[in-house]
Amino acid sequence: MSGRTTALTPPDDAGPPVRHPDAPAPGEIIGSHYEYCFGCGPAVPHGLHLETRAGEGVRVTAEFRVKEAHQGAPGLAHGGVLATALDETLGGLGWLLRVIAVTGRLETDFVRPVPVDTVLYLDAEVLAVHGRKIYCTATGRIGGPEGPVAVRADAMFVEVKIDHFIENGRPAEIKAALADPDQVKVARAFEVNP
């Protein structure tokens with residue numbers, strides 16, 4: 001916590017996070033919230049295809065295999081892709097709080113290079129909540145949950161209403177998502193950070 005900037009440090013009167021009683025059970029796969037999400041959607045060929053699992057407390061885990069399409073330097077993951085993996089994992093925390101939240105600030109530390117074909121094990125948790133602000137942190141480790149730290153992030157998410165997406169998203173996609181006859185899919189499309 002000592003490296004966290006003032007904007008990412010919860011204020012003294014912030015409260016502890018509270019897992020919602022209807023949150024997915026520990027170990028349960030949360031699943032993709034939107035099929036065209038670059039982070040978790042199955043319909044994006046070069047997407048990250050992150051599979052997030054609910055953890056204990058207000059914590060989630062995910063795994064990400066770095067593919068050839070995710071390179072920056074030859075044979076190494078692009079830093080922006082690694083930041084996206086952290087952001088997507090942090091976004092999954094909203095499922096445990098049962099709120100719709102978007103990234104307000106994300107600060108990423110790149111500790112070591114991540115080679116192509118590496119599996120990055122991601123772990124994220126909510127630290128505190130203050131009004132609409134959700135303070136959280138995440139770590140990515142190479143080769144396993146106890147492997148060396150490759151990336152980490154501190155973040156502040158902001159709780160929003162569905163109007164945030166309707167008013168700001170591209171109309172064609174919003175209309176298509178809202179028109180889906182599967183009302184569960186409609187609700188999921190807007191439930192977590194897109």
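The model shown is predicted, which means the values in this text are computed figures rather than measured ones.
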Colleague: With sequence neighbours excluded, tell me which residues meet salt bridge (Lys or Arg N to Asp or Glu O under 4.0 Å) with E63.
Modeller: none
Colleague: Closest heavy-atom contact between K67 and G47?
Modeller: NZ-O, 4.5 Å
Colleague: Between V60 and T89, is the side chain to side chain contact (heavy atoms under 4.5 Å, CB included) condition met? List the steps.
Modeller: CA-CA 7 Å; V60 297; T89 305; 3.9 Å; yes
Colleague: Given side chains that start at C-beta, do those of P148 and R112 come closer than 4.5 Å, heavy atoms only?
Modeller: yes
Colleague: Is there a path of hydrophobic side-chain contacts, each under 4.5 Å between heavy atoms of I, L, V, M, F, W or Y residues, that connects F38 with Y36?
Modeller: no
Colleague: Between OG1 of T118 and CZ of R65, what distance do you get to the nearest 0.5 Å?
Modeller: 8.0 Å
Colleague: So which heavy atom on R19 is nearest to which on V58, and how close?
Modeller: N-CG2, 3.7 Å
Colleague: Quick check: closest heavy atoms across L8 and R105, and the distance to 0.1 Å?
Modeller: CD2-CD, 3.7 Å
Colleague: Out of curiosity, L96 CG to C136 SG, how far, rounded to the nearest 0.5 Å?
Modeller: 11.0 Å
Colleague: With F157, which of D87, V102, V126 fulfils side-chain contact (heavy atoms from CB on, under 4.5 Å)?
Modeller: D87
Colleague: With no hydrogens and no angle check, do the side chains of D123 and T61 hold a donor and an acceptor under 3.5 Å apart?
Modeller: no
Colleague: Answer yes or no: is there a side-chain heavy-atom contact under 4.5 Å between V18 and L97?
Modeller: no
Colleague: If you count heavy atoms of other groups shown closer than 6.0 angstrom to NE2 of H20, is the number above 12?
Modeller: yes
Colleague: Show, in sequence, the C-alpha distance, side-chain angles and deciding distance for R132 and V160, and conclude whether the side chain to side chain contact (heavy atoms under 4.5 Å, CB included) test is met.
Modeller: CA-CA 8 Å; R132 294 175 45 224; V160 297; 4.1 Å; yes
Colleague: If the test is side-chain contact (heavy atoms from CB on, under 4.5 Å), which one of V111, I142, L120 qualifies with V151?
Modeller: L120
Colleague: Find the distance between CD (E88) and SG (C37) and round it off to the nearest 0.5 Å.
Modeller: 4.0 Å
Colleague: Search all heavy atoms of Y135 against all heavy atoms of P11 and return the closest pair with its distance.
Modeller: OH-CD, 3.6 Å
Colleague: Is R141 atom CZ crowded by more than 12 heavy atoms from other residues, nucleotides or ligands, each under 6.0 Å away?
Modeller: yes
Colleague: Are L106 and F110 connected into the same hydrophobic cluster when the rule is that any two of I, L, V, M, F, W, Y join if their side-chain heavy atoms are below 4.5 Å apart?
Modeller: no
Colleague: Does CG belonging to D12 count more than 12 external heavy atoms closer than 6.0 Å?
Modeller: no
Colleague: Applying side chain to side chain contact (heavy atoms under 4.5 Å, CB included), run through V44 and E35 and close with a yes or a no.
Modeller: CA-CA 8 Å; V44 183; E35 67 181 313; over 6 Å; no
Colleague: If I take atom CZ from residue R152 and atom OG1 from residue T137, how far apart are they, to the nearest 0.5 angstrom?
Modeller: 9.0 Å
Colleague: Check whether any side-chain heavy atom of I134 sits under 4.5 Å from a side-chain heavy atom of L93, and report yes or no.
Modeller: no
Colleague: Identify the heavy atoms of A54 and P24 that sit nearest to each other, and give their distance.
Modeller: CB-O, 3.7 Å
Colleague: Would you sort out whether L122 and L50 count as a side chain to side chain contact (heavy atoms under 4.5 Å, CB included), showing the intermediate values?
Modeller: CA-CA 10 Å; L122 300 145; L50 248 65; 4.2 Å; yes
Colleague: So which atom in G92 and which in I30 form the shortest heavy-atom distance, rounded to 0.1 Å?
Modeller: O-CD1, 4.0 Å
Colleague: Quick check: F64 with H49 (ring centres under 6.0 Å apart)?
Modeller: no
Colleague: Can you get from L76 to V114 by hopping between Ile, Leu, Val, Met, Phe, Trp and Tyr side chains that sit under 4.5 Å apart?
Modeller: no
Colleague: Rounded at 0.5 Å granularity, tell me how far NE2 in H130 sits from CE in M156.
Modeller: 11.5 Å
Colleague: Is any side-chain heavy atom of P26 closer than 4.5 Å to one of R53?
Modeller: no
